[in-house]
There are 2 protein chains.
Amino acid sequence: MTTAKTGPKTRARFRREAPEERRRQLGEAALRCIVKHGNAGVSVRQIAAEAGVTQGLITHHFGEINELVAYAFDIMSEGILQSIVKAVEEAEPTPKARLDAFITASFSPIMMDRDVLGVWVVFWSLILHSPRMSASQRQEYGDYVGTVQGLLGDLSREEGFVVADLRLAAVSFTALMDGLWLAWCLNPDAFRPAEGVRLCNNWIEGLRRGAHA
Amino acid sequence: MTTAKTGPKTRARFRREAPEERRRQLGEAALRCIVKHGNAGVSVRQIAAEAGVTQGLITHHFGEINELVAYAFDIMSEGILQSIVKAVEEAEPTPKARLDAFITASFSPIMMDRDVLGVWVVFWSLILHSPRMSASQRQEYGDYVGTVQGLLGDLSREEGFVVADLRLAAVSFTALMDGLWLAWCLNPDAFRPAEGVRLCNNWIEGLRRGAHA
DNA sequence: AGGAAAATTATACGATCTTATAACAAGAAG
DNA sequence: CTTCTTGTTATAAGATCGTATAATTTTCCT
């Protein structure tokens with residue numbers, strides 16, 4: 001891909017952008033690279049090329065590449081949590097409707113996308129060796145479990161069933177969904193999205209029937 | 001680490017090993033490298049150094065490095081599945097005791113080890129971009145779910161409760177455990193191993209009470 | 001012993017990677 | 001219109017990576 005007939009000593013023309021915007025562009029380019037090549041896609045050169053800029057820009061905006069990856073992780077985490085929370089907020093304000101919305105959103109086409117989940121799994125694999133990403137993950141995981149705990153607590157109060165340890169129950173439900181995402185991502189034949197919804201609802205049904213009392 | 005006083009033109013002495021043994025040594029060295037450095041540990045040079053051999057040996061035994069990684073994945077998969085299955089076989093032959101053994105083994109110190117689980121997560125992240133590993137994973141996942149399905153089916157027959165779709169229930173239980181492993185690996189403060197056992201038992205209790213009927 | 005087969009070392013080559021540095025240009029401000 | 005700031009390009013340096021190839025050593029077989 002040659003630049004269209006540049007003179008002998010002309011430099012490439014470029015557009016100057018606000019730092020936050022460029023950072024976001026680079027972060028999204030990173031996500032696209034990970035979609036395409038997994039871990040192997042994480043490279044200054046590939047990401048710069050994907051974003052249509054030179055490598056130096058990444059150094060300039062992020063210092064080292066791990067910082068860019070962590071930033072991309074943050075972008076994605078926020079995006080996912082937000083889209084799910086949004087679905088909950090838009091549901092009818094009854095505990096059951098809100099929980100249903102949560103589950104449905106979790107298995108909507110936005111989430112049941114191998115590209116999305118594939119990037120997610122790659123991030124998981126990076127967290128253990130990146131204190132920076134680990135901190136983000138703990139924060140985000142806490143928020144997530146907290147949200148689930150709220151939904152489950154509201155439901156139990158509304159319907160009058162007992163849950164011995166609400167936080168643990170939320171951990172369990174979260175684990176179930178993560179596990180289903182992972183299983184489907186690695187092997188989409190394992191179950192259909194609608195079956196994922198059903199399995200989550202079955203878990204809730206167990207909760208109703210006092211399995212966690 | 002210099003070799004002890006080699007003459008000017010002497011070559012390093014070495015021991016010749018049977019191919020299968022050497023392959024296994026290299027596979028285990030690869031696992032150790034992944035423990036230490038995650039994805040970044042996957043490199044011909046690092047693995048060869050870890051195994052105490054030269055790089056060429058990896059090419060010789062595996063051709064390309066991805067083949068070695070896939071082999072390491074197979075080693076680990078078999079090891080884990082075997083240790084769990086063994087615990088089940090050693091339990092009393094009642095459905096409940098066997099299932100208990102399965103759950104207990106799944107949260108024993110052998111599994112609740114961040115090094116072990118960390119490697120596991122790295123492998124997950126590689127599967128999506130490696131047809132060879134993907135094939136292994138599907139096979140192994142099928143075996144695993146099949147084992148779970150057998151345990152759940154036996155219990156339901158013994159205790160006389162109804163499960164609408166046994167395969168789906170096994171998928172769900174498997175997902176719960178994978179999700180708990182993942183959560184604990186990324187954040188060991190999320191719950192204690194004994195609580196993991198309890199959460200699995202709670203899931204089973206839901207099954208008993210007809211949540212999946 | 002002696003010799004053949006194959007495991008292993010040693011080395012080289014080209015590609016790609018990360019990071020650092022200097023030059024340049026775009027946009028804003030005076 | 002000029003000047004200043006800084007986002008951006010361009011380039012280089014050094015490390016690491018994967019793989020190929022040839023030389024050498026071990027080991028087994030006769």
Side-chain angles (χ1 to χ4, degrees), chain A residues 1-4 6-27 29-30 33-34 36-71 126 129-130, chain B residues 1-4 6-27 29-30 33-34 36-72 126 129-130 132:
Chain A
M1 192 163 59
T2 62
T3 54
T6 62
K9 290 185 178 179
T10 68
R11 273 197 162 201
R13 294 212 194 117
F14 60 90
R15 236 186 84 202
R16 207 182 169 114
E17 311 230 357
E20 312 112 43
E21 191 157 351
R22 239 312 111 81
R23 284 167 64 89
R24 173 159 282 268
Q25 287 174 9
L26 289 169
C33 283
I34 297 176
K36 282 188 207 161
H37 306 109
N39 280 292
V42 176
S43 124
V44 172
R45 283 175 154 77
Q46 288 181 68
I47 297 173
E50 174 71 33
V53 298
T54 17
Q55 317 161 194
L57 243 178
I58 290 180
T59 302
H60 182 252
H61 284 290
F62 292 95
E64 65 170 352
I65 192 179
N66 296 325
E67 194 56 32
L68 166 54
V69 174
Y71 177 78
L126 296 176
H129 292 270
S130 163
Chain B
M1 193 165 58
T2 61
T3 54
T6 63
K9 289 185 178 178
T10 67
R11 272 197 162 200
R13 295 212 192 118
F14 59 91
R15 235 186 85 203
R16 206 183 169 116
E17 310 231 358
E20 314 113 42
E21 191 158 351
R22 191 58 97 184
R23 284 168 63 91
R24 172 159 283 268
Q25 288 174 7
L26 289 169
C33 284
I34 297 177
K36 282 190 209 163
H37 305 110
N39 280 293
V42 176
S43 125
V44 172
R45 283 173 158 79
Q46 287 180 67
I47 298 172
E50 174 72 33
V53 298
T54 21
Q55 320 161 194
L57 209 70
I58 290 179
T59 303
H60 182 251
H61 283 291
F62 292 95
E64 65 170 352
I65 191 179
N66 295 324
E67 194 55 32
L68 166 55
V69 174
Y71 177 77
L126 296 175
H129 293 270
S130 163
R132 161 79 169 75

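Chain A is the first sequence line, chain B the second, and so forth, proteins listed ahead of strands; every chain is numbered from 1.
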J.: Starting from C1' on D/dG7, measure out to CD on A/Q25 and report it in whole angstrom.
T.: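 About 12 Å, once rounded to whole Å.
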J.: Using atom CZ of B/F14 as one end and atom C1' of D/dA23 as the other, report the distance to the nearest whole Å.
T.: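 Value for this atom pair: 11 Å.
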J.: Output the rounded distance in Å from CG (B/N66) to P (D/dT19).
T.: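 Taking CG of B/N66 and P of D/dT19, I get 7 Å after rounding.
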J.: State which of D/dT9, D/dA23, C/dG27 makes the closest approach to the side chain of B/R11.
T.: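 Of all the options, the side chain of B/R11 is nearest to D/dA23.
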J.: D/dG18 phosphate, OP1 or OP2: any side-chain N/O from B/S43 under 4.0 angstrom?
T.: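 Yes.
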J.: Please tell me if A/R22 has a side-chain N or O lying less than 4.0 Å from either OP1 or OP2 of D/dT8.
T.: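 Yes, within the criterion.
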J.: Can you name the side chain to side chain donor-acceptor pair (under 3.5 Å) partners of B/E64, sequence neighbours left out?
T.: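 Applying side chain to side chain donor-acceptor pair (under 3.5 Å) to B/E64 gives none.
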J.: For A/H37, what residues pass the side chain to side chain donor-acceptor pair (under 3.5 Å) criterion, not counting sequence neighbours?
T.: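 With neighbours one apart ignored, the set is A/Q46.
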J.: Quickly work out the A/L68 CG to C/dC17 P distance and round it to whole Å.
T.: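 Distance check: A/L68 CG to C/dC17 P gives 14 Å.
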J.: Between P on D/dC28 and CD on B/E17, what's the gap in Å once rounded to a whole number?
T.: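 B/E17 atom CD is separated from D/dC28 atom P by 12 Å.
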J.: What integer distance in Å separates B/R23:CZ from C/dA6:C1'?
T.: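 It is 15 Å, rounded to the nearest whole Å.
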J.: Using a cut-off of under 3.5 Å, enumerate the N/O to N/O pairs linking the protein to nucleotides 13-15 of chain D.
T.:
none

J.: Using the test side-chain contact (heavy atoms from CB on, under 4.5 Å), find all partners of B/A29 that sit at least two apart in sequence or belong to another chain.
T.: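 With sequence neighbours excluded, B/A29 shows a side-chain contact (heavy atoms from CB on, under 4.5 Å) to B/R32, B/I47, B/E50, B/A51, given in chain and number order.
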J.: Which residues pass the side-chain contact (heavy atoms from CB on, under 4.5 Å) test with B/T54, not counting sequence neighbours?
T.: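 By the side-chain contact (heavy atoms from CB on, under 4.5 Å) rule, B/T54 matches no residue at all.
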J.: Working to the nearest 0.5 angstrom, can you tell me the gap between A/L126 CG and A/N66 CG?
T.: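 Spacing of CG (A/L126) from CG (A/N66) equals 8.5 Å.
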J.: Just the rounded figure in Å: distance from C1' of D/dT16 to CD1 of B/I47.
T.: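 Rounded to whole Å, this separation is 14 Å.
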J.: Could you work out, with side chain to side chain donor-acceptor pair (under 3.5 Å) as the rule, every residue matching B/R24, not counting sequence neighbours?
T.: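 Checked B/R24 against side chain to side chain donor-acceptor pair (under 3.5 Å); matches are B/E28.
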J.: Quick check: on DNA chain D, is the nucleotide nearest B/Q46 upstream (toward 5') of the one nearest A/R13, or the reverse? Name the residue that is more 5'.
T.: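 Nearer the 5' end of the strand: A/R13.
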J.: By a strict heavy-atom criterion of less than 4.0 Å, which residues belonging to residues 52-62 of chain A are in contact with DNA chain D?
T.: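 Those residues whose heavy atoms fall under 4.0 Å from DNA chain D, taken from residues 52-62 of chain A in numerical order, are A/V53, A/T54, A/G56, A/L57, A/H60, A/H61.
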J.: Kindly write out the residues that satisfy side-chain contact (heavy atoms from CB on, under 4.5 Å) with A/R23, not counting sequence neighbours, or none if the list is empty.
T.: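 By the side-chain contact (heavy atoms from CB on, under 4.5 Å) rule, A/R23 matches A/H61, A/F62, A/Y71.
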J.: Would you name the heavy atoms of A/V44 and A/I65 that are closest together and state the gap between them?
T.: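 Smallest interatomic distance, heavy atoms only, reads N-CD1, 3.3 Å.
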J.: What's the closest nucleotide to the B/V44 side chain, out of D/dG7, C/dT19, D/dT19?
T.: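 Looking only at side-chain atoms, B/V44 lies closest to D/dT19.
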J.: What residues form a salt bridge (charged side-chain N to carboxylate O under 4.0 Å, His left out) with A/R15, not counting sequence neighbours?
T.: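 By the salt bridge (charged side-chain N to carboxylate O under 4.0 Å, His left out) rule, A/R15 matches A/E17.
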J.: In whole angstrom, give the distance that lies between atom CZ of A/R16 and atom P of C/dG27.
T.: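 Going from A/R16 (CZ) to C/dG27 (P), I get 8 Å.
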